[in-house]
Each structure stands twice: as structure tokens, then as C-alpha cells.
**Student:** 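Below is the structure I would like to discuss, written out as C-alpha cells.
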Protein chains: 2
Amino acid sequence: VLARVAAALSDAGRAGAPWAPGEVGIGDDAAVLADPAGPVVVSVDAVVGGVHVDLALVEPGDVGWKALMAALSDLAAMGARPWRALVACGIPEGFAVDPLVAGLAAAADAARCPVVGGDLSQAGELFVSVTVLGTLDDGPRPVTRSGAGPGDALFVTGPCGGSAAGLRLRRAGTRDHRLVEVHRRPVARLEEGLVARRAGATAMIDVSDGLGLDAHRMALASGVGLRLAVAGTGAVADGATADEAMGGGEDYELVMATGDPDGLLEGFAAAGLRPPIPLGRCTTDPAERLLDGRPFLPSGWRHRF
Amino acid sequence: VLARVAAALSDAGRAGAPWAPGEVGIGDDAAVLADPAGPVVVSVDAVVGGVHVDLALVEPGDVGWKALMAALSDLAAMGARPWRALVACGIPEGFAVDPLVAGLAAAADAARCPVVGGDLSQAGELFVSVTVLGTLDDGPRPVTRSGAGPGDALFVTGPCGGSAAGLRLRRAGTRDHRLVEVHRRPVARLEEGLVARRAGATAMIDVSDGLGLDAHRMALASGVGLRLAVAGTGAVADGATADEAMGGGEDYELVMATGDPDGLLEGFAAAGLRPPIPLGRCTTDPAERLLDGRPFLPSGWRHRF
């Protein structure tokens, strides 16, 4: 199995990211990556069976895809470009390893992010831990959560709540539906993150736990208030409820703050990207949390402890 | 818990590895590391409760320590210097998180390897997945497993089998014993790996699964035979059996091949390190596996699939 997995992963994501001289991939004690020539952006994210995914509802390939995309989404939220990934998996007896690995490889291909290290263990329950490394190849400064200022305009890269709505449909027995697909195969907004950084975004966060909770986290880190305007903007996905958008999570859209909204819109247009959706603005009072004119409590998916 | 863990980890390992300008640690979507100015060596390693550790026999702090040291040992085996680490943990209900994190932090301190990213999830069983990043700050070439040639002398950085013997004693009820300590708190041979690389070692591997199996792996990757000489050399730890040395694992000593044994011994002496223990030599026949003159079957700890 180990050799098969190494073979399946060793060329994944290499399109557009060929081997550099001196690079060492999977198979030695460690991998060796060519000098990144700049800062390195790193993040780790784990998917646990029964906690983050219901294995009765999703395919092993979807778990692999989503595990890598969720980690890459953290790079997107910094405006970083994917570089390399490492994956540690715990595999329960009888779990289908090959489709899981195929899902990881497909996501690595889609993001042009080769998997250069792996660890495969037996385990009582499934876990997939993904570490991603990114670069800031056209400027040294990442976009953090903490840079938003009062008056900054807020945008989101796409409609939210689709993943939660897809999960609801899937739980009700639906298999073949656009929103089920959104839940199964989310896409990290990597190009959008790069463009937003170049266009001067002051703060970003990805919607992993819900638009309300993640926008709140960004506001908290930045010390600003929030006046979100969502009704009628398209920020709630067709077929999703406002609650699913605000607290569902796993949409992996980016919330962006900017003092130059026209520059952001022009940057997206010039890159041929879907126009970002206006989401309101940041305010001076750090305690303010308004949604369509009414106070809201940030909620979303949280760990039990 | 998350904030407490972040606080416990954010300064661990910073002694000797202070924050660089522009670095971002735990707390944002991703961490940002200053330009490493050279290649980056990366590895991931997971410890799973009930598979790699018997939680009835080891303390949570030992699990954290060993998880980080095992990953760092892969850097040592490349001759890389520890740079930064990321940790993803799955924590079962009622498991003591704080001692686990204290063990991680203690190992990060000991290795001067700050933890810059973390993910903490609930889980049905314990797992600790550690990704380590290293640098090759005094030369671009790592030491791989595959560079040993026929005639190269073999050495090991220290006696093996101590960890397996310590586990045996611990299972029999012993708590306070030198070998139990060796099992609980192994030390990655980081300085030794750096010195061996500078002294021209042609191949290295760390003893994670047993001296016999890991030396075999190095020989296999290098396409050479092995004539190991262990009897009377001190390569078997006092109190351990030869089987425990050959197949026990978790010693994290380094097996080194070199065409310049005097240079290696001088390098270790100049660095004030314990002299490496002679282990025999590499031979031309890639199928040869001799231990003290008799054929041996490489064995050691293996995954079930």
C-alpha cells in the first residue's frame, strides 16, 4: 500500500510545478525543497472521521479532496500561492485508501501543489492531517486577519451556505444536486486570494466555520465593528438559508476587507474572476456586530472543548 | 483550551530561534516564516494512540515529546537543522491536553524548533501529527538514504535496543529505570546529523523501526550489501537484547555510511560528541545481509497493511 500511495501522490500537482534541481520527494527520511526565495506561509489542518465528516454520507475521495482544499484555503486567506503539501493519514481497518489518495491527488493537481511527504498509519478511526506550504512570490507581505480598519469595505468571493445546504440535502437522501457537489468538492479561492492581496486587501479570512463567525473573528483580530449587509446581495447561496450562510461553514469563500473597493473590483475583473459580493463595512465600535441592521451573535461550527 | 495551547506553544523553542521580522505565528489563518535563504527539508510523522503508543504505559507528556522528536529525527537523518514545526492533534474525551502540549513544548525547546502552527480537534482516539521544516544552512546538499557505496564504513551514533528494552521493563511494571527513561524521552541526533553531513557521510537513516530494518532500507536505497558487525561493539544497548537492537525501533540513533571513516570520527571528536560506534561496512552484492557473519532477515516494527 505504501508504495502504491507514494506512486499515486508523487506526480500529483506536478503540472505547472515541475521538480526543481536538487529536490527530493517522497521516499527518503524527509523531502528536500528548492530554495523558495522568499517567506514561506505554512498551515496545518486535520479532518477527523465522525467529527468533521460523516463517513456514511461522503465518499473517501471527497474526504481526501476536502482535507487538502481546507488546508489550501488557509493559504488563500493569506494571499499566498500553494507550493508543497505533506499528508499524514490514519486509516481504519477496511477503509478504502486508494480513493482517499486519489481525492488528495486530484486536489493537489487542481491547486498545482505537489504532495512531497506522507505518513500512513493504521488507526481506529480515520484522520487526514494536511500541512501546506505556500509562497508570497510577488511581494513579501501576507494579508492577515488583523489589518482591517474602520470604514473598510467588506466583500466575499462567493455565496455562502451552499456546503451546509448540500449536507442537509445529502442527509435527506439526495445524491445528485448542485449543492451536494458544493459540499463534496469545495474549491479554495487561491487565485482570488492572490488578486485581493495585490489589490491591497487590508485583511482576509476564509469561511471555514460560517460567514458570521469568521467575519467576527476577522473583526476581533482587527479591533473593528461589523455592519454586514447580506439580504439581496447574493452572499447567501441559492437554496441555502441565511442561517446556513452565517453559521454553516466549509464554504471556503474569502471575506476581504479593503480601503479601496474599486481597486479590488477592478483587480477581480482584470483577472477574469467572478466579481466579489459586497458584504457591508467595518465600523469604529469593536463591539458592534450588525447583520442587515440587527445585532447578531457570531455562531458556527465549534469544537466541543 | 485553544488559547491556552496557543500560549503554551507560541514561545516554545524560541530560545536561539527568535522571531524574525515579518514572521507571523499561531493565531492567523497561516503562519509566515522569514525567507529560509536555502532549501527547505520537510517531513511529517504521526503518532496514533493504541498503534504507536500504549496510553496505559506512557504519560501524555511523553507522547508529545516523542511525537516531535520522532519527526525531528527525520531531519537529523538528512543532516538538516530544525527550523519550524506544525502540529495537528486529535484529542479523545477526557485526555489530558495540557501535559501533551507541555511535552511538545519541551521537545521544541530542546531542539530549538518553534511550533508555528497547530490544529486541535476532538477525536475518538489520540493522534499527534507533526510536520517539521529544516534548513541546510551550511551547504545545499542533504544526506539521503541512497548515497552509500560498496566499501563504505558504517557507524551508528549510539547503542540501539534501549527503547524496546525500556518498553519491556515498563510492561513488566518497572517505572524508575534508565531504559524506561530512554523509551519515554528519546532524543533526535540533530547535532550528530549536522556533523556527519559536514564530515562527508554518503548516506544516513534514523533507527525508527530497528537497526536491522533501517540499515536494510538504507542498503536497499543505495543498492549495496551489508556486513554488520555488532557483537562486542556497544551497538546493542546495555540491558537490551540483540533482537531488541535489530528489530525494536524508536531508538532514533543515526546509521551513517562514509568513505572517510577517519574524517567522521574526527568530526565527532571536534564537536565534542560521543564517538560513533563502528557497525561494519557496505558490500558490492546488493542481496548480501550479514550480521556478525550470519545472514539476517531485516525485521522490525511494521504497519499492518
Side-chain angles (χ1 to χ4, degrees), chain A residues 1-2 22 24 28-46 48 50-52 74-75 77-78 80 84 86-91 97 116-125 127 129 131-134 136 140-142 144-146 204-206 221 303-305, chain B residues 1-2 22 24 28-46 48 50-52 74-75 77-78 80 84 86-91 97 116-125 127 129 131-134 136 140-142 144-146 204-206 221 303-305:
Chain A
V1 169
L2 286 171
V24 176
D28 216 294
D29 292 297
V32 182
L33 312 178
D35 188 345
V40 180
V41 182
V42 292
S43 187
V44 63
D45 211 56
V48 181
V51 176
H52 303 99
D74 287 324
L75 296 185
M78 307 295 280
R84 300 292 186 259
L86 299 96
V87 181
C89 300
I91 309 289
V97 178
V116 296
D119 184 30
L120 202 60
S121 303
Q122 61 193 66
E125 73 186 352
F127 70 85
S129 165
T131 302
V132 286
L133 285 69
L136 295 169
R141 291 194 171 280
T144 63
R145 296 180 179 183
S146 56
M204 283 202 287
I205 193 167
D206 66 318
H303 294 283
R304 232 191 288 146
F305 45 72
Chain B
V1 169
L2 286 170
V24 176
D28 216 294
D29 292 297
V32 182
L33 311 178
D35 188 346
V40 180
V41 182
V42 292
S43 187
V44 64
D45 211 55
V48 181
V51 176
H52 304 98
D74 287 324
L75 295 185
M78 307 296 279
R84 300 290 186 261
L86 299 97
V87 181
C89 299
I91 309 288
V97 179
V116 295
D119 186 29
L120 202 61
S121 303
Q122 62 192 67
E125 74 187 351
F127 70 85
S129 165
T131 302
V132 285
L133 286 70
L136 297 168
R141 288 192 174 280
T144 63
R145 297 179 178 184
S146 56
M204 283 203 287
I205 192 167
D206 66 318
H303 293 282
R304 232 191 288 149
F305 45 71

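The chains referred to below are lettered A, B, ... by the order of the sequence lines, with proteins before strands, and numbering in each begins at 1.
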**Student:** Can you say whether B/Val87 sits under 4.5 Å from chain A via the side chain, the backbone, both, or neither, judging by heavy atoms?
**Tutor:**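 The answer is the backbone of B/Val87.
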**Student:** Among A/Ala34, A/Gly134, A/Cys89, A/Ala37, which has the most heavy-atom pairs under 4.5 Å with chain B?
**Tutor:** A/Ala37
**Student:** Nearest 0.5 angstrom please: B/Leu133 CG to A/Thr131 OG1, how far?
**Tutor:**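 Going from the CG atom of B/Leu133 to the OG1 atom of A/Thr131 covers 8.5 Å.
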**Student:** Calculate, to the nearest 0.5 Å, the distance between atoms CG and CG belonging to B/Asp119 and A/Asp45 respectively.
**Tutor:** 5.0 Å
**Student:** Out of B/Gly117, B/Gly124, B/Gly50, which one racks up the most heavy-atom pairs below 4.5 Å with chain A?
**Tutor:** B/Gly124
**Student:** Check each atom of B/Val48 against the heavy atoms of chain A and say whether the ones under 4.5 Å are side chain, backbone, both or neither.
**Tutor:**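 The side chain, not the backbone.
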**Student:** Grab the two heavy atoms, one from B/Met78 and one from A/Ala30, that are nearest each other, plus how far apart they are.
**Tutor:** CE-O, 3.3 Å
**Student:** Closest heavy-atom contact between B/Val40 and A/Pro36?
**Tutor:**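 Taking B/Val40 first and A/Pro36 second, the nearest heavy atoms are CG2-CD, 4.0 Å.
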**Student:** With sequence neighbours left out, write down each residue that passes side chain to side chain contact (heavy atoms under 4.5 Å, CB included) with B/Ala31, or none if nothing qualifies.
**Tutor:** A/Val42, B/Val116
**Student:** Nearest heavy-atom pair of A/Val32 and B/Pro142: which atoms, and what distance?
**Tutor:**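 Shortest heavy-atom separation between A/Val32 and B/Pro142 comes out as CG2-CG, 3.5 Å.
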**Student:** Between B/Glu125, B/Arg141, B/Met204, which shows the greatest number of heavy-atom pairs under 4.5 Å with chain A?
**Tutor:** B/Glu125
**Student:** B/Ala46 and A/Ala88: which non-hydrogen atoms are nearest, and at how many Å?
**Tutor:** CB-CB, 4.1 Å
**Student:** With rounding to the nearest 0.5 Å, note down the distance linking CZ in B/Phe127 to OG in A/Ser121.
**Tutor:**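 Output value for this atom pair is 11.0 Å.
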**Student:** Please collect all side-chain hydrogen bond (donor to acceptor under 3.5 Å, both in side chains) contacts where either partner lies in residues 28-43 of chain B, sequence neighbours excluded, each pair once.
**Tutor:**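 Only A/Arg145-B/Asp29, B/Ser43-B/Asp74 qualify under side-chain hydrogen bond (donor to acceptor under 3.5 Å, both in side chains).
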